[in-house]
Amino acid sequence: MNVLFLCTGNSCRSILGEATFNHLAPAGWHAMSAGSQPTGQVHPRSLALLAKEGIAAEGYYSKSWDNLPATPDIVITVCASAAGETCPAYLGPVLRTHWGVADPAHATGTDAQIDAAFMQAYRILRTRIEAFLVLPLETLVQDKSRLKAELDRIGTLLPA
């Protein structure tokens with residue numbers, strides 16, 4: 001099963017989601033990420049955070065959804081639509097869910113405050129990915145409506 005983490009720029013949140021998912025996922029599950037308007041580079045703070053968390057960051061790059069290595073089965077948008085950010089709409093016959101996360105690339109303040117914004121985005125995504133991966137996936141893959149309901153519910157979870 002292929003999971004696509006999708007946002008606009010593909011430099012922070014979707015990269016954090018892709019790398020974290022691939023770090024934790026069972027065999028047979030693979031994440032990728034893309035943007036509708038990719039920035040062309042991964043934010044250096046995203047790469048530094050992944051390294052700090054012990055997650056391999058090599059090989060991740062900002063890319064367009066036009067250049068995906070595989071067709072996704074599930075698309076998870078991570079834009080923060082509540083903040084007025086427009087989510088790209090992936091066109092294709094896939095299961096879609098929304099896990100809104102504020103974009104740390106737009107954080108301002110001291111280095112510590114900006115690092116905290118990146119860490120918050122990572123913690124939200126990790127919490128949700130961990131909840132996803134404890135689902136009875138082999139059963140839910142056969143019941144798309146139940147899987148969608150579970151993924152939509154997970155999209156509301158916040159770190160403890």
Side-chain angles (χ1 to χ4, degrees), residues 1-81 83 85-92 94-109 111-135 137 141 147 151 154-155 157-159:
M1 293 289 290
N2 293 307
V3 177
L4 172 63
F5 286 89
L6 182 63
C7 65
T8 306
N10 190 222
S11 70
C12 297
R13 298 162 293 181
S14 53
I15 295 285
L16 292 172
E18 175 187 17
T20 303
F21 189 95
N22 286 333
H23 180 72
L24 299 173
W29 286 81
H30 178 74
M32 53 195 157
S33 68
S36 58
Q37 299 171 11
T39 63
Q41 67 179 15
V42 177
H43 197 292
R45 288 182 195 258
S46 293
L47 297 174
L49 188 150
L50 290 169
K52 182 179 157 216
E53 293 295 315
I55 298 173
E58 298 79 36
Y60 292 108
Y61 62 99
S62 177
K63 62 200 149 307
S64 170
W65 59 8
D66 295 327
N67 300 315
L68 296 175
T71 301
D73 300 292
I74 298 170
V75 173
I76 300 171
T77 52
V78 293
C79 52
S81 54
E85 184 181 2
T86 303
C87 289
Y90 183 83
L91 304 175
V94 299
L95 189 153
R96 295 174 188 83
T97 192
H98 176 67
W99 292 0
V101 179
D103 189 352
H106 298 300
T108 58
D111 277 346
Q113 290 168 321
I114 295 169
D115 286 344
F118 275 82
M119 182 55 78
Q120 178 66 8
Y122 166 76
R123 285 187 179 134
I124 290 168
L125 287 164
R126 180 150 184 149
T127 296
R128 294 174 182 174
I129 290 165
E130 288 173 347
F132 178 130
L133 295 174
V134 298
L135 292 172
L137 295 174
V141 167
L147 177 57
L151 292 176
I154 288 168
L157 298 178
L158 296 172

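Side chains of Ser11 and His43: a donor-acceptor N/O pair is absent below 3.5 angstrom, by distance only.
Here Leu49 contributes atom CG and Tyr122 contributes atom OH; the two are 7.0 Å apart, rounded to the nearest 0.5 Å. Leu16 CG to Arg123 CZ: the interatomic distance, rounded to the nearest 0.5 Å, is 12.5 Å. In this structure, CD1 in Ile55 is found 6.5 Å from CG in Leu24, a value given to the nearest 0.5 Å. Leu151 CG to Leu135 CG: the interatomic distance, rounded to the nearest 0.5 Å, is 6.5 Å. Of the inter-residue distances, the one linking Arg96 atom CZ with Thr77 atom OG1 reads 10.0 Å to the nearest 0.5 angstrom. Summarising the geometry, atom CD1 belonging to Ile15 is positioned 12.5 Å from atom CE belonging to Met32; distances are rounded to the nearest 0.5 Å.
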Go through the steps to decide whether Phe132 and Val3 satisfy the test side chain to side chain contact (heavy atoms under 4.5 Å, CB included), and finish with yes or no. CA-CA 11 Å; Phe132 178 130; Val3 177; 4.3 Å; yes

Does the pair Val75 and Trp65 meet the rule for a side chain to side chain contact (heavy atoms under 4.5 Å, CB included), with working shown? CA-CA 11 Å; Val75 173; Trp65 59 8; over 6 Å; no

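Contact check for Arg45 versus Pro104: no side-chain heavy atoms found under the 4.5 Å cut-off. By the 4.5 Å heavy-atom criterion applied to side chains, Leu68 and Asn2 are not counted as neighbours. Counting heavy atoms from C-beta on, the side chains of Leu133 and Pro26 come closer than 4.5 Å. Side-chain contact check for Leu125 versus Phe21: every heavy-atom pair is 4.5 Å or farther apart. Leu158 is listed as a side-chain neighbour of Ile124, based on a closest heavy-atom distance under 4.5 Å. At a threshold of 4.5 Å between non-hydrogen side-chain atoms, the residues Phe5 and Thr20 do not count as touching.
A distance-only check finds no donor-acceptor pair linking the side chain of Thr8 to the backbone of Gln37 [under 3.5 Å]. The backbone N or O of Cys79 lies less than 3.5 Å from a partner atom in the side chain of His98, making a donor-acceptor pair.
Among all heavy-atom pairs drawn from Asn22 and Tyr60, the shortest one is ND2-OH, 3.5 Å. Nearest heavy atom pair, residue Gly35 against residue Asn10, reads N-CB, 3.4 Å. Closest approach of Arg13 to Val101, counting heavy atoms only: NH1-O, 2.9 Å. Across every non-hydrogen atom of Ser14 and Cys7, the tightest pair is OG-SG, 3.1 Å. Heavy atoms only, all atoms of each residue included: Cys12 and Ser46 are closest at CA-OG, 3.3 Å. Closest heavy-atom contact between Pro72 and Leu4: CB-CB, 3.7 Å.
Every residue two or more places apart in sequence or in another chain that forms a side-chain contact (heavy atoms from CB on, under 4.5 Å) with Leu157 is listed here: Thr127, Arg128, Ala131, Arg153, Ile154.
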